[in-house]
There are 2 protein chains.
Amino acid sequence: MTERNTKGRILDAAERLFARDGFHATSLRNITREASVNLAAVNYHFGSKEALISEVISRRMVPINRMRMGRLRAVMAESVNQQARPDVSEILSVFFRPTLVFLETSSQAKEFVTIIGRAMPEPDDTVRNILIGHLEPVFRYLLEILCFALPHVPYRVLYWRLQFALGAFSHVMRTARDPIFMPDDLKPEEDIGSIIDVLIPFLTAGMEEAVE
Amino acid sequence: MTERNTKGRILDAAERLFARDGFHATSLRNITREASVNLAAVNYHFGSKEALISEVISRRMVPINRMRMGRLRAVMAESVNQQARPDVSEILSVFFRPTLVFLETSSQAKEFVTIIGRAMPEPDDTVRNILIGHLEPVFRYLLEILCFALPHVPYRVLYWRLQFALGAFSHVMRTARDPIFMPDDLKPEEDIGSIIDVLIPFLTAGMEEAVE
DNA sequence: GCCTGTTTTAAACATTCGTTTAAAACGATA
DNA sequence: TATCGTTTTAAACGAATGTTTAAAACAGGC
């Protein structure tokens, strides 16, 4: 259940609190209390709070992005083999769905989808750049594949449409647990996958829309 | 050019710095230095930093939302008169375009669109609730009109699609001045209106997409 | 059982923050 | 010009933060 060693306990507690309260509002004292370790443990094991944030993001982001790149390459290869344009809906699925890969194995990892949504709009450059550094190669490849899939849509328009997709995704990952403006006759989705099921067709239609 | 009285100078300086660095990273000392007023002036004129944030948001958000509600009502009235469904593209335009209303009159107001993008994903509840409070009635009316315009799309799906639209919008308002992942052969849009011109058809297509 | 490198602990440090205070400066009015 | 309410000013306060320190506790190999 809870991690046995100090480093792992800190990572789990930090992930949980960063998701709940944000990076800045979460102090090292909160984290170390939650993890039942000494305050100095963070600086001893990670060096700084920033390095801890980086590690919290990296340990899940690296495998997620490896999965993304692998599947994107597969989509691209199949498209070349069959001499057909790749399917936009599949491209977007391949990008967004791996976010949920940890949900099956670790209940703890539910928090991480919130963290992705939090890191993207983070005002602090050093924090945001941690996420951006991970995401950049995937974004570039994604844009490249979309150019193949939608040759009639101008490059500049595709870039902005992909930004819209990122914005919609991060907003919804961040607020899914506690949605804003939720009418009384609706209730929050129990699992995030069902929101992505609504997101993919929405984004696909927007991506494919012809530009006059 | 620059405001003459202390209160106005604080508001302008705060708007500029909140947009550039975020709400939390901007200290009262930064603001008062930028405004060339004494540190205690903020607490004297506004009462607290939180009240200043609220005022920075309100002074532009109130007229923007008044404009939104008026135009939304007009769209709804015309739809009833003509016994036709309201146009989704027009609905979205009427919601998003008033954000830029200050851009013509005040060059200073360019900063405010960034602030809208910053307040939405703000981790601090008290700050985010300031924006949410302003937006809630508009959101509810917007959702209601979309139900009229798209009766074949389930209510729950429309709610989430509207959330996607909000996410895309706030992300792009926040990053428009300094876009992330911008390829070398693209350059940032000089005016935000042209990004909204790309956004509206994208969102419209997503909103209108049939649900199987 | 002693010794060595690693980890944990309690305490302190230096900064920064929002806020408060009390005196000084100002401005309009009589 | 004198007065009174408003505004500005410099200084200090208390609280919270990330980080560092130096000693204590621990673990494994000889």
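As the structure is a computational prediction, the values presented were derived from the model and not from experiment. Proteins come first, then strands; the chains are lettered A, B, ... in the order of their sequence lines, and each starts at number 1.
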Sugar-phosphate, base or nothing in reach of T26(B), heavy atoms under 4.0 Å: sugar-phosphate

Phosphate OP1/OP2 of dA16(D): any S27(A) side-chain N/O under 4.0 Å: no

Residue whose nearest DNA chain D nucleotide is more 5′ - G47(A) or N30(A): N30(A)

SB check R161(A) E209(A) (cutoff 4.0 Å): no

Passing option when F23(B) is tested against V56(B), I53(B), I130(B) for side-chain contact (heavy atoms from CB on, under 4.5 Å): I53(B)

Rounded distance (Å) that lies between atom P of dT8(C) and atom CZ of R33(A): 19 Å

Interatomic distance where CZ belongs to R29(A) and C1' belongs to dA11(C) [whole Å]: 11 Å

A40(A) side chain, from C-beta outward: closest of dT21(D), dT19(D), dT7(D): dT21(D)

Under-4.0 Å salt bridge between R60(B) and E15(B): yes

Between dT8(D) (P) and K7(B) (NZ): distance, integer Å: 11 Å

Whole angstrom value for the distance that separates C1' of dC17(C) from NE2 of H24(A): 9 Å

Nearest to side-chain heavy atoms of Y44(A), which nucleotide of dT8(D), dT19(C), dT7(C): dT7(C)

For residues 135-145 of chain A, which side-chain N or O atoms pair as donor and acceptor with protein atoms under 3.5 Å away, sequence neighbours left out?
from, atom 1, to, atom 2, distance (Å)
E136(A), OE2, R140(A), NH1, 2.6

Residues that S36(B) engages under side-chain hydrogen bond (donor to acceptor under 3.5 Å, both in side chains), provided they are two or more places apart: none

Value in whole Å for how far the C1' atom of dC17(C) lies from CG of L52(B): 15 Å

Nucleotide of dT20(D), dG18(C), dT8(C) approaching L28(B) most closely (side-chain heavy atoms): dG18(C)

Protein-nucleotide distance (N38(B), atom CG; dT19(C), atom P), rounded to Å: 15 Å

For atom CG of N43(B) and atom C1' of dG14(D), their distance in whole Å: 14 Å

T6(B) side-chain N/O to dT8(D) phosphate OP1/OP2 under 4.0 Å: yes

Protein-nucleotide distance (L39(A), atom CG; dT19(D), atom P), rounded to Å: 10 Å

